[in-house]
2 protein chains.
Amino acid sequence: MVIAESVLASAPTRGEVTAARILDVAEALFARHGYEGTTLRDVAAGVGLRTPSLYNHFSGKDALYAAVLERGVAPVLSALSEFARDGSGDPEGLVVTVMELLAGRPDLPRLIQHEILSGGECLMPLLGDSIGPVFARAHEVAEASPGAGAWSAEEIPLLVLAMYHVVVGYFTIAPLYAELQGQDLLTQPAIERQTRFLGELVSILFSGTTKE
Amino acid sequence: MVIAESVLASAPTRGEVTAARILDVAEALFARHGYEGTTLRDVAAGVGLRTPSLYNHFSGKDALYAAVLERGVAPVLSALSEFARDGSGDPEGLVVTVMELLAGRPDLPRLIQHEILSGGECLMPLLGDSIGPVFARAHEVAEASPGAGAWSAEEIPLLVLAMYHVVVGYFTIAPLYAELQGQDLLTQPAIERQTRFLGELVSILFSGTTKE
DNA sequence: AGAAAAAACTAACTATCGTTAGTTTGTCAC
DNA sequence: GTGACAAACTAACGATAGTTAGTTTTTTCT
């Protein structure tokens, strides 16, 4: 059996194609109903398969869930790592990058939030050492900002958490907001507005510049 | 044994006592594992009962969940309504009030987040017209602030959503943060720190005052 | 074309879910 | 005390979950 192919890969196997389709359907269902609320029969039906056929691609429900989570979280983590790697990454650029990433996969934030609410036992192994550097870099940026000293050292992590929640929460509350205010937050103009808003937020909170 | 009774109420029936205990256990379990992930057998075991005994107090799992949600969400909604009722409520006071509320019931934010992730179909009937006035009042405050015009009209709802997510998200991510950074966000000093942080955030974002 | 491997299928098992029926225990008014 | 009612119990049902075994179809390689 030919193993995973990289950049110059050959055409994907039939099995790899259906495996990807399974991941797509499972991601949507896990994001909407959580792990316990999602049934393998629903996943199979979404793909157009019978339940046992899933076992030709994944060893079980747990493994499928882990695969969905890993595939979904990977691009975000790599963006975070790149931001924290060299000292050149600015928070505003990170926010824009992450927003573009999530806009293309609006199920991902809900998937991650479900995982976090359930304790994050499946997410934590994936985080590895991608998170620590982000906090470190946030400290650097905050201290080098014009309004230096505005935030105490113990407040920086709270600021990072706050930014995380604002970014992710926007997507998770979109369905409720649609029914509550009759406005779809996931349209392209709405997402662009939110991205602008986040940019201003970062500018105010990290650089200490008041809005003009 | 004489139990603590509310201000002017008669003594609670034995049934009311166990009903309250059922609600307590169910709230904790629903908050941790969500609706689908919580089993009535676990609820009963947590109370020290057999599963069918739950049906002496609630007509089924759905009704129990609805009761938990209603009891949990009521104080928050009344705080929101009071904030929006007369024009005197300031955002900082609201944030402090809500933080005190949630600090006393740290399961509540996770319960609400689970509900929102699942579409909020059970939450929405409870919201009624408690939410609209909050947005309206936010507009008033933002426009009457010293840095008036700093936020455009279309950004005010985003600001309200952002504040909501920062407040609620703090509690939902606490368990993961504990394992990730080895720090418990739910201790009293940590919550007081977060409350101060939120106060500064509101001050900056609503009043337009830069941190000194 | 034909053999071998991959990937679909049918059928069914075990466990556990929410729920119901019927019974026993406990509590309180008279 | 004794009857009446509330609230616990035991036993079990039907439905559905994840999973396995065994079989048939489809693809792939020579």
Side-chain angles (χ1 to χ4, degrees), chain A residues 1-5 9-69 114-115 118 121-122, chain B residues 1-3 5 9-30 32-69 114-115 118 121-122:
Chain A
M1 138 131 55
V2 182
I3 324 175
E5 13 227 301
S10 54
T13 302
R14 179 172 76 120
E16 291 170 344
V17 170
T18 70
R21 289 177 58 209
I22 293 174
L23 285 177
D24 288 336
V25 174
E27 180 177 294
L29 290 177
F30 282 136
R32 217 170 302 276
H33 306 111
Y35 178 82
E36 315 271 2
T38 300
T39 156
L40 289 186
R41 282 167 172 83
D42 286 344
V43 174
V47 185
L49 248 51
R50 307 291 196 183
T51 315
S53 300
L54 301 179
Y55 287 79
N56 286 325
H57 306 273
F58 302 95
S59 65
K61 191 182 183 183
D62 292 11
L64 174 59
Y65 179 73
V68 166
L69 204 63
H114 264 299
E115 171 65 15
S118 302
E121 298 177 5
C122 205
Chain B
M1 152 180 340
V2 180
I3 317 173
E5 358 224 316
S10 57
T13 303
R14 181 169 74 117
E16 291 171 344
V17 170
T18 70
R21 289 177 59 207
I22 293 174
L23 285 176
D24 288 337
V25 174
E27 179 176 295
L29 290 177
F30 281 136
R32 216 171 303 274
H33 307 111
Y35 178 82
E36 314 271 2
T38 299
T39 156
L40 289 185
R41 283 168 171 82
D42 285 344
V43 175
V47 186
L49 247 51
R50 307 292 196 180
T51 314
S53 299
L54 300 179
Y55 287 80
N56 286 326
H57 305 273
F58 302 94
S59 64
K61 191 183 184 182
D62 292 11
L64 174 58
Y65 179 74
V68 166
L69 204 63
H114 265 298
E115 172 64 16
S118 302
E121 297 177 5
C122 204

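Per chain, numbering begins at 1; letters A, B, ... match sequence-line order.
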So, does B:S53 get its side chain near the phosphate of D:dC9, meaning an N or O under 4.0 Å from OP1 or OP2? yes
Whole angstrom value for the distance that separates P of C:dT19 from CZ of B:F58: 13 Å
Calculate the interatomic distance between B:L49 atom CG and C:dT24 atom C1'; express it in whole Å. 15 Å
Minimum-distance pair of heavy atoms, taken over all atoms of B:L40 and B:L54: O-CD1, 3.5 Å
Of the nucleotides C:dC9, C:dA7, D:dA7, which has the atom closest to the B:H57 side chain? D:dA7
Heavy-atom check, side chain of A:Y35 versus side chain of A:S118, under 4.5 Å: no
Which atoms form the tightest heavy-atom contact between B:H57 and B:I22, and what is the distance? CD2-CD1, 3.8 Å
Nucleotide C:dA7, atom P - distance to CD1 of A:I22 in whole Å: 10 Å
Quick check: closest heavy atoms across B:V68 and B:A26, and the distance to 0.1 Å? CG2-CB, 3.8 Å
Any idea which heavy atoms bring A:H114 and A:F30 closest together, and the distance? CD2-O, 3.7 Å
So, under a plain 3.5 Å distance rule, would you say the side chain of B:N56 forms a donor-acceptor pair with the base of D:dA8? yes
Can you give one letter per nucleotide of nucleotides 11-30 of chain D, 5' to 3': B if a protein heavy atom sits under 4.0 Å from the base, S if only from the sugar-phosphate, - if neither? B-----BBBB------S---
Can you run down the salt bridge (charged side-chain N to carboxylate O under 4.0 Å, His left out) pairs that involve residues 43-59 of chain B, sequence neighbours left out, and say none if there aren't any? none
Distance in angstrom units between B:L54 CG and C:dG18 P, rounded: 10 Å
